[in-house]
Amino acid sequence: MAQGLDSDEYDVVVLGTGLAESIAAAALAKAGKSVLHLDPNEYYGSAQASLTLDELIEYVKVCGSTHPVELPEKLEKDRRRYALSLFPAVLPSRGALIETLIASDVSKYVSFKMLDSVIVASSGGFRRVPGSKEQIFRDQSVSLMEKRKLMRFLMLSAGDHESSELIQGKENDALLDFLTESIKLPPDLASTVTYAIAHCSGPSDPLGPAIKRTQRYLQSVGRYGSGAFLVGQYGGAGEVAQGFCRACAVYGGTYVLGPSARMTDLHVDDKVTFSIPCHPRPVIAKRIISAPDLLAPLLKEPGPSERVLGAHCIAILSSLPAALAKDRALGEENDNEGIEQDDTAMIIFPPVDGKPVVRGLLMGEGTGSCPAGQYVLYISATVTEPSDSEELLRPYLRRLAPEPIFESYHVSETAKPSSVAGSSCVVGLSPYGDNQLETEALDWEAEQGRAAYEAIMGTSEGVRGFFEKTEGETEEETV
Amino acid sequence: MSNEDGPVKATQVKLVLLGEAAVGKSSLVMRFCSNDFNENTSPTIGAAFLTQKCRLENRIVKFEIWDTAGQERFHSLAPMYYRNAAAAVVVYDITKASSLEKAKAWVKELQRQANPNIVIALVGNKLDLVSDESGASVAPKSKPAAEEPANEAEESETDAEDDATPPPPATTAAAGDDSSDSLRQVSKEEADEYAKEAKLLFFEASAKTGANVSELFTEIAKNIPDETPTKPAAAQGQAGRRNGARQGADSGVDLGERQQGKKGGCC
């Protein structure tokens with residue numbers, strides 16, 4: 001440990017082990033760049049980390065939550081068997097991250113499952129959202145007339161909607177209004193489509209982007225199973241980030257985490273110079289990749305001012321929420337051999353009474369997130385001003401699970417895209433700053449990772465592409 | 001044992017390597033997987049993991065062997081590294097006392113992070129550097145049950161002795177007679193005692209000569225429970241079927257080639 005790093009100089013230093021950073025690091029190392037990857041935290045993943053229960057409790061304390069929690073005694077023994085995500089999200093089966101996982105072969109060491117159900121809450125209860133044509137036909141709670149209208153919208157979304165006369169000129173109208181006025185869906189069905197199929201963040205979300213998302217989700221159906229979304233094992237994003245970090249290390253990248261990785265004396269001019277405790281001499285890199293939030297304080301610059309705030313609740317349940325049990329669900333047809341209960345579900349609470357859209361994500365033991373028989377329930381919402389996450393989210397938790405065995409609340413702050421330091425040595429990564437975090441943010445991270453790779457490598461002819469395979473590399477590693 | 005008719009079942013097992021830098025972790029794996037030794041292996045090998053089968057009397061254990069890729073150096077080994085590992089090989093260098101201390105620290109780390117039922121083997125590598133001992137007692141016979149790369153037609157362990165490839169010469173140790181004794185810094189007794197205490201399998205081995213390498217992996221294989229409930233998370237070959245009964249944590253979706261291309265696609 002005392003000898004320090006192998007070299008004083010690197011092509012690229014990457015600061016932070018979030019998903020985008022890790023993807024960029026792996027791609028660059030694969031392309032032959034020397035990569036030094038640093039994270040001042042003791043754990044991988046930065047804002048996308050998956051934490052054990054004791055780590056989460058520490059995290060909630062450190063991020064200044066007004067609701068610090070203690071580790072319940074009966075969970076003490078199993079505290080390290082939890083993988084609790086700071087970034088609960090699902091992954092559409094078609095999109096940038098899936099393609100990156102496959103191209104990089106990181107898909108060989110991280111694993112995913114289908115998201116079992118999307119469930120929407122209404123004042124009357126909960127109902128499963130049909131995700132495919134088949135399911136719509138089987139759904140007995142929707143009348144034949146409504147099914148036709150719904151199918152019309154889905155066909156429209158899936159097809160060449162940009163040239164559709166029905167849509168042209170209405171791209172900035174609210175999807176919800178379009179559904180009730182042009183498609184003539186009844187209000188509750190329009191709301192279900194808006195929040196649980198197009199995954200909008202509010203009643204005024206514009207039609208254009210919403211229909212694009214819908215198209216992508218519909219195209220995702222059937223690629224790996226009957227749903228559109230996958231959930232990552234062991235907390236998802238944090239595990240995937242670790243997978244890319246491993247890939248980077250396999251290609252020769254150097255990893256330092258924790259206090260030994262804490263940068264000081266960072267200077268950026270035509271090169272990047274800094275000190276870290278694990279190395280006796282200053283380290284020089286040609287370029288630095290980082291999110292502005294980590295970089296700004298090191299450069300003694302004001303951080304990004306505009307922020308997206310998220311309210312988060314992470315709860316542990318000792319049983320499946322009764323509301324999600326299949327025998328209760330409306331219009332449910334039992335498949336064949338008995339009722340198979342959900343292990344994973346996304347639960348959407350459309351906005352009511354001035355409250356934002358609130359989204360829940362349930363992860364059972366099959367996701368490796370918790371010990372057998374338990375469930376991890378994430379509840380989150382994007383909020384416009386600092387607010388009390390417990391006050392906002394607790395009622396939703398109680399509605400799903402009156403007696404959780406653990407609950408914690410915290411607020412996340414994400415800097416909106418902004419640039420740091422006018423040097424070409426700095427490649428800034430933008431955190432996802434929009435409102436469809438649960439369904440869009442993982443792909444955003446992959447796109448950011450690719451953009452950082454291309455910013456460093458260039459995209460001209462002859463430059464090695466993003467995770468491009470070399471000749472003879474196709475099946476070199478495993479049989 | 002549940003060894004009924006039908007093909008011999010293969011248990012897929014994730015095995016992780018741990019130990020101080022330069023104790024020969026990768027070399028042990030190279031010896032085991034391709035019966036090869038390279039004097040100047042670079043610190044990292046360029047594969048995510050290597051696979052090798054080990055045939056026992058009644059079953060096949062297929063190891064998926066993960067190397068640290070250097071991520072252990074600055075305490076930056078990711079939790080995913082330990083995830084679902086059914087076996088671990090913790091390596092030290094018998095000519096370097098401090099490497100045993102480091103190995104003990106890794107054993108602690110495994111007991112903290114890994115699956116509680118993990119089979120841990122402690123391995124003192126570089127037996128070849130201590131010439132007087134590299135033969136008889138520790139490596140009684142060459143029995144390369146698993147030296148042929150993943151070959152289904154392999155003989156079972158008990159039959160392998162006759163037609164095995166000749167053993168690597170066990171007495172080609174590098175050091176001269178007078179220096180050999182002084183090179184050893186960790187006595188076999190000391191390590192053995194620690195291994196017993198900590199309930200670890202224990203071997204002294206040489207990646208260079210091959211002494212005890214296949215024995216090591218065979219012994220690990222024997223200690224893997226027949227029905228390993230935890231498959232490696234990355235296990236391939238189980239397509240993403242999920243419409244039937246739920247299958248616990250091992251029923252992942254295979255993102256790669258074997259896509260399911262059908263199932264209820266919409267529109």
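Note on naming: letters A, B, ... go to the chains in the order of the sequence lines (proteins, then strands), and numbering restarts at 1 for each one. As the structure is a prediction and not an experimental result, all values here were calculated from the model.
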> Which of the residues A:Val106, A:Thr254, A:Leu5, A:Ile98 is involved in the greatest number of heavy-atom pairs with chain B at under 4.5 angstrom?
Replying inline: A:Leu5

>> As a quick check of understanding, evaluate side-chain contact (heavy atoms from CB on, under 4.5 Å) for A:Phe112 and B:Leu255, giving each step before the final call.
In response: CA-CA 8 Å; A:Phe112 291 85; B:Leu255 302 187; 3.6 Å; yes

> Who in residues 91-100 of chain B is close to chain A, using a strict under-4.5 Å heavy-atom cut-off?
Replying inline: none

> Within a strict 4.5 Å, meaning less than it, do heavy atoms of the B:Ser76 and A:His37 side chains meet?
Replying inline: no

> What's the spacing between B:Leu77 CG and A:Tyr255 OH if we round to 0.5 Å?
Replying inline: 12.5 Å

>> When you compare the side chain of A:Tyr234 with that of B:Met80, does any pair of heavy atoms fall below 4.5 Å?
In response: no

> Measuring from A:Asp39:CG to B:Phe74:CZ, what's the distance to the nearest 0.5 Å?
Replying inline: 15.0 Å

> Is there side-chain contact between A:Asp6 and B:Arg73, with at least one heavy-atom pair below 4.5 Å?
Replying inline: yes

>> As a test of understanding, state which of A:Gln233, A:Glu239, A:Gln242 forms a side-chain hydrogen bond (donor to acceptor under 3.5 Å, both in side chains) with B:Arg83.
In response: A:Glu239

>> Checking B:Gln71 against A:Tyr44: is there a side-chain donor and acceptor pair closer than 3.5 Å?
In response: yes

>> Once rounded to the nearest 0.5 Å, what's the spacing between atom CG of B:Asp67 and atom CZ of A:Arg246?
In response: 7.0 Å

